[in-house]
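Remarks on the structure that follows.
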Amino acid sequence: MKLILTTTAAFALLTGAGLADDRGMEFRLGVTAHDLADHVEDGPNITLDLLFASPDFLDAIWSPRPYLYGSFNTNGLTNFGGTGLAWDFEVAENLNFEFRTGLTYNDGVEDIDPNSPPGDPTRIRLATTRSLMGNEILFHNAIGLDYDLNERWSIGAYYEHISHGQILASGRNQALDNAGIRFGYRFGN
């Protein structure tokens, strides 16, 4: 995670990119391809995102915007919701790079019962149809590229990774990798 944050900051400094202007509250609606790394879970996710204006006390760390996020699987598999901080870097006119990091809660399967026999149908079903998350609380890291269509609307593409990184738990950590598109609407100025 430190490497990603350092790389993002270095990218902004080397390209001369500035922080995107403070845009206040923003709502985003998106859809992601679910579980790209392991392809165990299926179905797209519908995502809802609410970003807030950066409070003054976060100026010292490049004014990230706090966010609330939800991702809901259309096949009834792992859903998650979380909160964290999102940094926007303007890379060209109307084009912004975003990095975010935070924590999520998921309703997925943590692990298979170690006492269940190898041929148990429930064990087999879980092993072949569910990502084994290892913990209910996971890190959420994402990168995105958003294009401002006008002062209110934007469209973007993003990639997100949800896992515990052997920090919030130990053992299973199949994680989830999702990628998708989103539409954003900014309130106010």
Side-chain angles (χ1 to χ4, degrees), residues 1-8 11 26-52 64-89 96-114 116 120-146 154-184:
M1 187 163 77
K2 289 180 185 176
L3 177 62
I4 292 172
L5 184 55
T6 303
T7 303
T8 302
F11 174 80
E26 182 176 357
F27 173 77
R28 292 178 181 164
L29 175 66
V31 62
T32 64
H34 182 68
D35 195 18
L36 296 174
D38 293 327
H39 304 291
V40 177
E41 294 195 358
D42 200 8
N45 279 25
I46 304 299
T47 63
L48 302 172
D49 203 0
L50 190 58
L51 294 103
F52 302 92
R65 298 191 295 168
Y67 70 86
L68 294 173
Y69 183 74
S71 184
F72 309 96
N73 186 263
T74 58
N75 283 354
L77 300 173
T78 302
N79 305 295
F80 59 93
T83 187
L85 298 173
W87 286 262
D88 293 314
F89 299 93
N96 298 299
F97 173 78
E98 179 187 82
F99 167 74
R100 63 172 56 191
T101 188
L103 293 174
T104 62
Y105 171 83
N106 74 86
D107 64 359
V109 176
E110 286 185 43
D111 204 347
I112 297 172
D113 181 359
S116 65
D120 178 46
T122 300
R123 179 186 185 103
I124 293 169
R125 180 181 56 81
L126 290 176
T128 58
T129 63
R130 301 300 300 268
S131 288
L132 304 176
M133 306 305 291
N135 199 20
E136 292 175 336
I137 304 297
L138 302 173
F139 291 114
H140 178 238
N141 294 302
I143 57 171
L145 200 58
D146 295 291
S154 66
I155 186 169
Y158 65 108
Y159 166 83
E160 63 187 355
H161 177 76
I162 299 96
S163 75
H164 63 67
Q166 301 297 332
I167 297 170
L168 298 175
S170 61
R172 292 284 187 172
N173 186 27
Q174 288 184 330
L176 288 175
D177 290 287
N178 303 330
I181 59 170
R182 61 191 177 197
F183 293 94

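One-based numbering along the sequence shown.
Between the Asp42 side chain and the Asn75 main chain, no donor and acceptor come within less than 3.5 Å of each other. Counting only distance, with no hydrogens or angles, the side chain of Asn173 and the backbone of His164 share a donor-acceptor pair below 3.5 Å. Asn106 places a side-chain N or O within 3.5 Å of a backbone atom of Glu136 that can act as its donor or acceptor partner. Checked by atom type and distance alone, the side chain of Arg172 never pairs as donor or acceptor with a backbone atom of Glu110 at under 3.5 Å. Side chain of Glu41 to main chain of Ser131: a donor-acceptor pair is present (N/O by atom type, distance under 3.5 Å, no hydrogens or angles). In this structure, the side chain of Asp111 does not engage the main chain of Gly134 through any donor-acceptor pair within 3.5 Å. Side-chain atoms of Asn135 come within 3.5 Å of backbone N or O of Leu168 as a donor-acceptor pair.
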With side chain to side chain contact (heavy atoms under 4.5 Å, CB included) as the test, would you mind laying out the steps for Arg130 and Thr78 before giving the verdict? CA-CA 8 Å; Arg130 301 300 300 268; Thr78 302; 3.3 Å; yes
Could you give me the CA-CA distance, side-chain angles and deciding distance for Ile162 and Asn178, then say whether side chain to side chain contact (heavy atoms under 4.5 Å, CB included) is met? CA-CA 9 Å; Ile162 299 96; Asn178 303 330; 4.2 Å; yes
Side chain to side chain contact (heavy atoms under 4.5 Å, CB included) between Thr74 and Ile46: does it pass, once the steps are laid out? CA-CA 7 Å; Thr74 58; Ile46 304 299; 4.0 Å; yes
Take Arg100 and Asp49 through the side chain to side chain contact (heavy atoms under 4.5 Å, CB included) test and state the conclusion after the steps. CA-CA 12 Å; Arg100 63 172 56 191; Asp49 203 0; 2.9 Å; yes
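In summary, the side chains of Asn96 and Asp146 do not present any donor paired with an acceptor at a separation below 3.5 Å, with no hydrogens or angles considered.
If you run side-chain contact (heavy atoms from CB on, under 4.5 Å) between Tyr69 and each of Thr47, Thr83, Leu50, only Thr47 comes through.
Here the CD1 atom belonging to Ile143 is positioned 12.5 Å from the OH atom belonging to Tyr158, to the nearest 0.5 angstrom. Taken from CH2 in Trp87 to OG1 in Thr101, the straight-line distance is 6.5 Å, to the nearest 0.5 Å. If you take CD1 on Ile167 and CG on Leu138, they are separated by 11.5 Å, rounding to the nearest 0.5 Å. Interatomic distance, CG of Asp38 versus CD of Gln174, reported as 5.5 Å (0.5 Å rounding). Summarising the geometry, atom CG belonging to Leu36 is positioned 12.0 Å from atom NE2 belonging to His161; distances are rounded to the nearest 0.5 Å. Once rounded to the nearest 0.5 Å, the distance linking OH of Tyr159 with OG1 of Thr32 reads 11.5 Å.
The minimum heavy-atom distance linking Ala142 with Glu160 is given by the pair CB-CB, 3.9 Å. Closest of all the heavy-atom pairs between Val40 and Ala127 is CG1-O, 4.4 Å.
At least one side-chain heavy atom of Pro66 sits less than 4.5 Å from a side-chain heavy atom of Leu85. Using a 4.5 Å heavy-atom cutoff, the side chains of Leu48 and Phe27 are in contact.
Using a cutoff of 4.0 Å between basic side-chain nitrogens and carboxylate oxygens, Arg28 and Glu98 are scored as salt-bridged.
Heavy-atom neighbours of Phe183 CZ from other residues, nucleotides or ligands within 6.0 Å: at or below the threshold of 12.
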